[in-house]
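Only heavy atoms go into these numbers, but all of them, side chains included; no hydrogens, no water, no symmetry mates. Each residue takes its place number in the sequence, starting with 1.
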Amino acid sequence: VLRHSHNLYFCVVLYQNVARFQDKRVRQALLHALDREAMIEAVLEGFGTVATGPIAPLLGALYNSDVAQYPYDPEQAVALLAEAGWTPGDDGIMQKDGERLSFGMPTGQFGYLVPATLLAHQYWADIGVEADVEVIERNAYIQQVVVNRDYEATLAWWSQPPTADVAPYYSSDAAENGNNIPNYRSEVLDGIMTDGRRATSDEAQVEVYGEMQVYLAEELPYLYLWYPDILSAVNTRVQGMPEINSATAFQFAADWFVAP
(Lines give C-alpha, C1' and ligand atoms only; values in the text may rest on other atoms or scores of the structure.)
Protein backbone atom coordinates (compact mmCIF):
# COMPACT_ATOMS: atom_id res chain seq x y z
CA VAL A 1 0.00 0.00 0.00
CA LEU A 2 1.46 3.33 -1.09
CA ARG A 3 0.61 6.69 0.51
CA HIS A 4 1.33 9.80 -1.50
CA SER A 5 0.25 13.41 -1.55
CA HIS A 6 -2.63 14.24 -3.89
CA ASN A 7 -2.31 17.17 -6.30
CA LEU A 8 -5.37 18.98 -4.98
CA TYR A 9 -6.30 21.11 -2.01
CA PHE A 10 -9.37 21.73 0.09
CA CYS A 11 -10.17 25.30 1.02
CA VAL A 12 -12.74 27.73 2.31
CA VAL A 13 -13.86 30.21 -0.33
CA LEU A 14 -14.86 33.68 0.87
CA TYR A 15 -16.72 35.69 -1.76
CA GLN A 16 -14.73 38.90 -2.21
CA ASN A 17 -17.79 40.86 -3.33
CA VAL A 18 -18.81 40.71 0.34
CA ALA A 19 -17.22 43.77 1.96
CA ARG A 20 -16.34 42.20 5.32
CA PHE A 21 -14.19 39.56 3.61
CA GLN A 22 -12.10 42.14 1.75
CA ASP A 23 -9.95 42.84 4.84
CA LYS A 24 -7.22 40.22 4.82
CA ARG A 25 -7.07 40.37 8.63
CA VAL A 26 -10.55 38.87 8.70
CA ARG A 27 -9.45 36.11 6.32
CA GLN A 28 -6.34 35.46 8.40
CA ALA A 29 -8.40 35.38 11.59
CA LEU A 30 -10.84 32.86 10.17
CA LEU A 31 -7.95 30.58 9.20
CA HIS A 32 -6.25 30.88 12.61
CA ALA A 33 -9.57 29.81 14.16
CA LEU A 34 -9.56 26.45 12.35
CA ASP A 35 -7.71 23.50 13.90
CA ARG A 36 -6.75 22.00 10.58
CA GLU A 37 -4.70 19.19 12.13
CA ALA A 38 -7.76 18.08 14.11
CA MET A 39 -9.95 18.43 11.02
CA ILE A 40 -7.58 16.18 9.06
CA GLU A 41 -7.77 13.59 11.84
CA ALA A 42 -11.56 13.78 12.08
CA VAL A 43 -12.45 14.00 8.39
CA LEU A 44 -9.55 12.19 6.66
CA GLU A 45 -8.58 9.84 9.50
CA GLY A 46 -5.16 11.48 9.39
CA PHE A 47 -4.51 10.95 5.69
CA GLY A 48 -3.59 14.48 4.69
CA THR A 49 -1.30 17.41 5.46
CA VAL A 50 -2.03 21.05 6.24
CA ALA A 51 -2.12 23.14 3.08
CA THR A 52 -0.12 26.33 2.68
CA GLY A 53 -1.35 27.32 -0.78
CA PRO A 54 -2.50 25.96 -4.13
CA ILE A 55 0.80 24.24 -4.97
CA ALA A 56 0.97 20.77 -3.43
CA PRO A 57 4.19 19.14 -2.16
CA LEU A 58 3.75 16.63 -4.99
CA LEU A 59 5.23 19.26 -7.35
CA GLY A 60 8.61 18.96 -5.64
CA ALA A 61 10.90 21.97 -6.12
CA LEU A 62 7.97 24.15 -7.21
CA TYR A 63 6.42 23.79 -3.75
CA ASN A 64 7.47 26.50 -1.31
CA SER A 65 6.89 25.76 2.39
CA ASP A 66 8.63 28.97 3.52
CA VAL A 67 5.44 31.02 3.63
CA ALA A 68 3.16 32.49 6.29
CA GLN A 69 1.70 29.79 8.52
CA TYR A 70 -1.60 29.94 10.40
CA PRO A 71 -1.47 27.49 13.31
CA TYR A 72 -4.62 26.97 15.33
CA ASP A 73 -4.75 30.00 17.61
CA PRO A 74 -8.22 31.27 18.61
CA GLU A 75 -6.71 34.09 20.67
CA GLN A 76 -4.76 35.36 17.68
CA ALA A 77 -7.92 35.06 15.59
CA VAL A 78 -9.85 37.26 18.04
CA ALA A 79 -6.95 39.74 18.17
CA LEU A 80 -6.89 40.05 14.37
CA LEU A 81 -10.63 40.62 14.29
CA ALA A 82 -10.28 43.30 16.97
CA GLU A 83 -7.54 44.95 14.92
CA ALA A 84 -9.95 44.99 11.99
CA GLY A 85 -12.63 46.62 14.17
CA TRP A 86 -14.72 43.57 15.12
CA THR A 87 -15.75 43.21 18.77
CA PRO A 88 -18.23 40.91 20.57
CA GLY A 89 -21.85 42.06 20.49
CA ASP A 90 -24.48 41.46 23.15
CA ASP A 91 -25.27 38.05 21.64
CA GLY A 92 -21.59 37.02 21.55
CA ILE A 93 -21.30 37.40 17.79
CA MET A 94 -18.59 39.75 16.53
CA GLN A 95 -19.97 43.05 15.26
CA LYS A 96 -18.68 46.16 13.58
CA ASP A 97 -20.66 49.34 12.93
CA GLY A 98 -23.88 47.50 13.76
CA GLU A 99 -23.17 44.60 11.37
CA ARG A 100 -22.78 41.07 12.75
CA LEU A 101 -20.01 38.81 11.47
CA SER A 102 -22.54 36.30 10.22
CA PHE A 103 -22.75 34.76 6.77
CA GLY A 104 -24.42 32.02 4.78
CA MET A 105 -22.37 28.93 3.95
CA PRO A 106 -23.96 26.52 1.45
CA THR A 107 -22.32 23.14 1.00
CA GLY A 108 -22.92 20.30 -1.44
CA GLN A 109 -23.72 16.72 -0.49
CA PHE A 110 -20.47 15.24 -1.71
CA GLY A 111 -17.49 13.55 -0.05
CA TYR A 112 -15.92 15.44 2.82
CA LEU A 113 -17.69 18.73 2.18
CA VAL A 114 -20.50 18.45 4.72
CA PRO A 115 -18.51 17.17 7.75
CA ALA A 116 -15.68 19.62 7.08
CA THR A 117 -18.12 22.51 6.76
CA LEU A 118 -19.80 21.62 10.04
CA LEU A 119 -16.43 21.55 11.79
CA ALA A 120 -15.54 24.97 10.40
CA HIS A 121 -18.93 26.23 11.60
CA GLN A 122 -18.14 25.07 15.15
CA TYR A 123 -14.60 26.48 15.25
CA TRP A 124 -15.83 29.87 14.08
CA ALA A 125 -18.68 29.85 16.59
CA ASP A 126 -16.02 29.51 19.31
CA ILE A 127 -14.62 32.95 18.38
CA GLY A 128 -17.96 34.66 17.84
CA VAL A 129 -18.36 34.16 14.10
CA GLU A 130 -21.66 32.77 12.81
CA ALA A 131 -21.74 30.57 9.70
CA ASP A 132 -25.25 29.59 8.64
CA VAL A 133 -24.70 26.19 6.99
CA GLU A 134 -27.10 25.02 4.29
CA VAL A 135 -26.67 21.51 2.88
CA ILE A 136 -27.96 21.21 -0.67
CA GLU A 137 -27.87 18.66 -3.47
CA ARG A 138 -24.51 18.58 -5.26
CA ASN A 139 -25.62 19.70 -8.73
CA ALA A 140 -27.80 22.45 -7.26
CA TYR A 141 -24.77 23.55 -5.24
CA ILE A 142 -22.59 23.85 -8.35
CA GLN A 143 -25.25 25.89 -10.10
CA GLN A 144 -25.74 28.20 -7.12
CA VAL A 145 -22.13 28.71 -6.05
CA VAL A 146 -19.92 28.13 -9.07
CA VAL A 147 -22.21 29.29 -11.87
CA ASN A 148 -24.37 31.95 -10.23
CA ARG A 149 -21.93 33.06 -7.49
CA ASP A 150 -24.88 33.10 -5.09
CA TYR A 151 -23.06 32.56 -1.81
CA GLU A 152 -20.98 34.31 0.87
CA ALA A 153 -18.70 31.48 2.02
CA THR A 154 -18.32 27.83 1.07
CA LEU A 155 -15.92 24.92 1.48
CA ALA A 156 -14.62 23.34 -1.70
CA TRP A 157 -11.57 21.90 -3.40
CA TRP A 158 -9.55 22.39 -6.54
CA SER A 159 -7.65 19.70 -8.39
CA GLN A 160 -4.47 20.99 -10.00
CA PRO A 161 -2.71 19.92 -13.19
CA PRO A 162 0.99 18.98 -12.79
CA THR A 163 2.07 22.62 -13.06
CA ALA A 164 2.31 25.65 -10.80
CA ASP A 165 0.34 27.80 -13.25
CA VAL A 166 -2.82 28.60 -11.27
CA ALA A 167 -3.94 31.56 -13.42
CA PRO A 168 -7.21 29.85 -14.51
CA TYR A 169 -8.26 29.88 -10.83
CA TYR A 170 -6.71 33.12 -9.58
CA SER A 171 -6.37 35.68 -12.36
CA SER A 172 -8.57 38.75 -12.48
CA ASP A 173 -9.72 37.64 -15.94
CA ALA A 174 -11.13 34.46 -14.38
CA ALA A 175 -13.31 36.35 -11.89
CA GLU A 176 -17.09 36.62 -12.30
CA ASN A 177 -17.42 34.03 -15.09
CA GLY A 178 -14.35 31.79 -14.78
CA ASN A 179 -12.89 29.50 -12.13
CA ASN A 180 -11.85 32.36 -9.84
CA ILE A 181 -14.77 31.51 -7.55
CA PRO A 182 -13.99 34.05 -4.79
CA ASN A 183 -13.72 36.82 -7.42
CA TYR A 184 -10.39 37.81 -5.91
CA ARG A 185 -8.56 40.40 -7.99
CA SER A 186 -4.97 41.54 -7.62
CA GLU A 187 -2.79 43.29 -10.19
CA VAL A 188 0.27 42.17 -8.20
CA LEU A 189 -0.76 38.52 -8.41
CA ASP A 190 -1.66 38.85 -12.09
CA GLY A 191 1.84 40.17 -12.75
CA ILE A 192 3.52 37.34 -10.85
CA MET A 193 1.50 34.71 -12.70
CA THR A 194 2.34 36.31 -16.05
CA ASP A 195 6.03 36.16 -15.11
CA GLY A 196 5.57 32.49 -14.23
CA ARG A 197 4.19 31.71 -17.66
CA ARG A 198 7.11 33.51 -19.25
CA ALA A 199 9.72 31.65 -17.20
CA THR A 200 11.46 29.11 -19.42
CA SER A 201 13.97 27.50 -17.06
CA ASP A 202 13.31 25.33 -14.00
CA GLU A 203 15.22 27.79 -11.83
CA ALA A 204 13.17 30.75 -13.02
CA GLN A 205 9.91 28.92 -12.43
CA VAL A 206 10.95 27.92 -8.91
CA GLU A 207 11.78 31.55 -8.12
CA VAL A 208 8.63 33.10 -9.59
CA TYR A 209 6.19 30.52 -8.27
CA GLY A 210 7.91 30.58 -4.90
CA GLU A 211 7.19 34.33 -4.79
CA MET A 212 3.61 33.64 -5.81
CA GLN A 213 3.11 31.23 -2.92
CA VAL A 214 4.48 33.77 -0.44
CA TYR A 215 2.00 36.34 -1.74
CA LEU A 216 -0.96 33.95 -1.65
CA ALA A 217 -0.18 32.81 1.90
CA GLU A 218 -0.23 36.43 3.05
CA GLU A 219 -3.32 37.51 1.11
CA LEU A 220 -5.36 34.29 1.44
CA PRO A 221 -7.74 34.57 -1.53
CA TYR A 222 -8.73 31.10 -0.31
CA LEU A 223 -8.38 29.72 3.23
CA TYR A 224 -6.16 26.72 2.52
CA LEU A 225 -7.12 23.65 4.56
CA TRP A 226 -5.29 20.49 3.51
CA TYR A 227 -3.74 18.37 0.79
CA PRO A 228 -5.39 14.92 0.99
CA ASP A 229 -3.32 11.78 0.60
CA ILE A 230 -4.10 9.14 -1.98
CA LEU A 231 -3.71 5.47 -1.00
CA SER A 232 -2.89 2.90 -3.66
CA ALA A 233 -2.52 -0.88 -3.45
CA VAL A 234 0.14 -2.11 -5.86
CA ASN A 235 1.28 -5.68 -6.42
CA THR A 236 4.96 -5.96 -5.45
CA ARG A 237 5.71 -7.55 -8.83
CA VAL A 238 4.72 -4.34 -10.64
CA GLN A 239 7.93 -2.43 -11.33
CA GLY A 240 8.81 0.79 -13.13
CA MET A 241 6.23 2.97 -11.39
CA PRO A 242 7.62 6.40 -10.43
CA GLU A 243 7.51 7.46 -6.78
CA ILE A 244 4.41 9.60 -7.18
CA ASN A 245 0.75 8.96 -6.56
CA SER A 246 -0.91 6.32 -8.70
CA ALA A 247 -3.21 8.77 -10.48
CA THR A 248 -0.20 10.64 -11.83
CA ALA A 249 1.88 7.48 -12.31
CA PHE A 250 -0.56 6.31 -14.99
CA GLN A 251 0.99 8.91 -17.28
CA PHE A 252 4.09 6.70 -17.25
CA ALA A 253 2.28 3.36 -17.65
CA ALA A 254 4.35 2.55 -20.73
CA ASP A 255 7.34 2.12 -18.40
CA TRP A 256 5.65 -0.38 -16.09
CA PHE A 257 6.44 -4.08 -16.20
CA VAL A 258 5.70 -7.19 -14.19
CA ALA A 259 8.74 -8.80 -12.62
CA PRO A 260 8.99 -12.61 -12.80
Identify the heavy atoms of [X] and [Y] that sit nearest to each other, and give their distance.
X	Y	value
V208	I192	CG1-O, 3.4 Å
L34	A120	CD2-CA, 3.8 Å
V26	A84	CG2-CB, 4.2 Å
H32	A77	CB-CB, 4.0 Å
Q109	E137	OE1-CA, 3.7 Å
P168	A174	O-CB, 3.3 Å

Are [X] and [Y] close enough for a salt bridge, meaning some N to O gap below 4.0 Å?
X	Y	answer
R100	D91	yes
R20	E152	yes
K24	E218	yes

Qualifying residue for side-chain contact (heavy atoms from CB on, under 4.5 Å) with V145, from T107, I136, T154 = T154
Check against side chain to side chain contact (heavy atoms under 4.5 Å, CB included), Q95 and T87 = CA-CA 5 Å; Q95 61 84 33; T87 56; 3.1 Å; yes
E37, CD atom: more than 12 neighbouring heavy atoms under 6.0 Å = no
Where the side chain of [X] meets the backbone of [Y], is there a donor-acceptor pair that is under 3.5 Å apart?
X	Y	value
R25	L81	no
D132	G104	no
Q144	D150	yes
N180	Y184	yes
N148	Q143	yes

Could you tell me if the ring centre of Y9 sits under 6.0 Å from that of Y227?
-> no
Please check if the distance between the ring centroids of Y112 and W226 is under 6.0 Å.
-> no
Same hydrophobic cluster for [X] and [Y], using side-chain heavy-atom links shorter than 4.5 Å among ILVMFWY?
X	Y	result
V18	L31	yes
Y169	L223	yes
V166	V146	yes
L80	V67	no
I127	W86	yes

Using the side chain to side chain donor-acceptor pair (under 3.5 Å) rule, take Q16 and R27 through it: C-alpha gap first, then chi angles, then the decisive distance, then the call.
-> CA-CA 10 Å; Q16 292 303 296; R27 303 195 295 271; 3.2 Å; yes
From [atom1] ([X]) to [atom2] ([Y]), nearest 0.5 Å:
X	Y	atom1	atom2	result
N64	L59	CG	CG	12.5 Å
Y123	L30	OH	CG	14.5 Å
I40	L119	CD1	CG	11.5 Å
Q160	W157	CD	CH2	13.5 Å
L14	N183	CG	CG	12.5 Å
Y72	M39	OH	CE	11.0 Å

Give a yes-or-no answer on whether the side chains of D190 and S171 include a donor-acceptor pair shorter than 3.5 Å.
-> no
For Y170 and S186, test the side chains for any donor-to-acceptor distance below 3.5 angstrom and give the result as yes or no.
-> no
Within a strict 4.5 Å, meaning less than it, do heavy atoms of the [X] and [Y] side chains meet?
X	Y	answer
Q76	P74	no
I181	Y151	yes
L155	C11	no
P228	F10	yes
D97	E99	no
I93	P88	no
Q28	L220	yes
L44	D229	no

Residues Q205, L62; criterion side chain to side chain contact (heavy atoms under 4.5 Å, CB included); working and verdict | CA-CA 7 Å; Q205 289 190 23; L62 289 171; 4.1 Å; yes
Criterion side chain to side chain donor-acceptor pair (under 3.5 Å) against T52, the qualifying member of Y224, Y63, Y70 | Y63
In sequence, state the C-alpha distance, the side-chain angles, and the governing distance for F103 and Y15, and then conclude on ring pair (Phe, Tyr, Trp, His ring centres under 6.0 Å).
-> CA-CA 10 Å; F103 47 84; Y15 194 39; over 10 Å; no
E176 and R185: salt bridge (Lys or Arg N to Asp or Glu O under 4.0 Å), yes or no, with the steps?
-> CA-CA 10 Å; E176 299 297 344; R185 294 176 174 85; 3.1 Å; yes
Under the side chain to side chain contact (heavy atoms under 4.5 Å, CB included) rule, what do D165 and Y209 come out as? Steps first, then yes or no, please.
-> CA-CA 8 Å; D165 180 9; Y209 287 122; 3.8 Å; yes
Chi angles and distances behind the side chain to side chain donor-acceptor pair (under 3.5 Å) call for Q122, D126 | CA-CA 6 Å; Q122 185 57 58; D126 291 343; 3.2 Å; yes
Before giving the answer on side chain to side chain contact (heavy atoms under 4.5 Å, CB included), spell out for V135 and Y141 the whole-Å C-alpha distance, their side-chain angles and the decisive distance to 0.1 Å.
-> CA-CA 9 Å; V135 179; Y141 167 83; over 6 Å; no
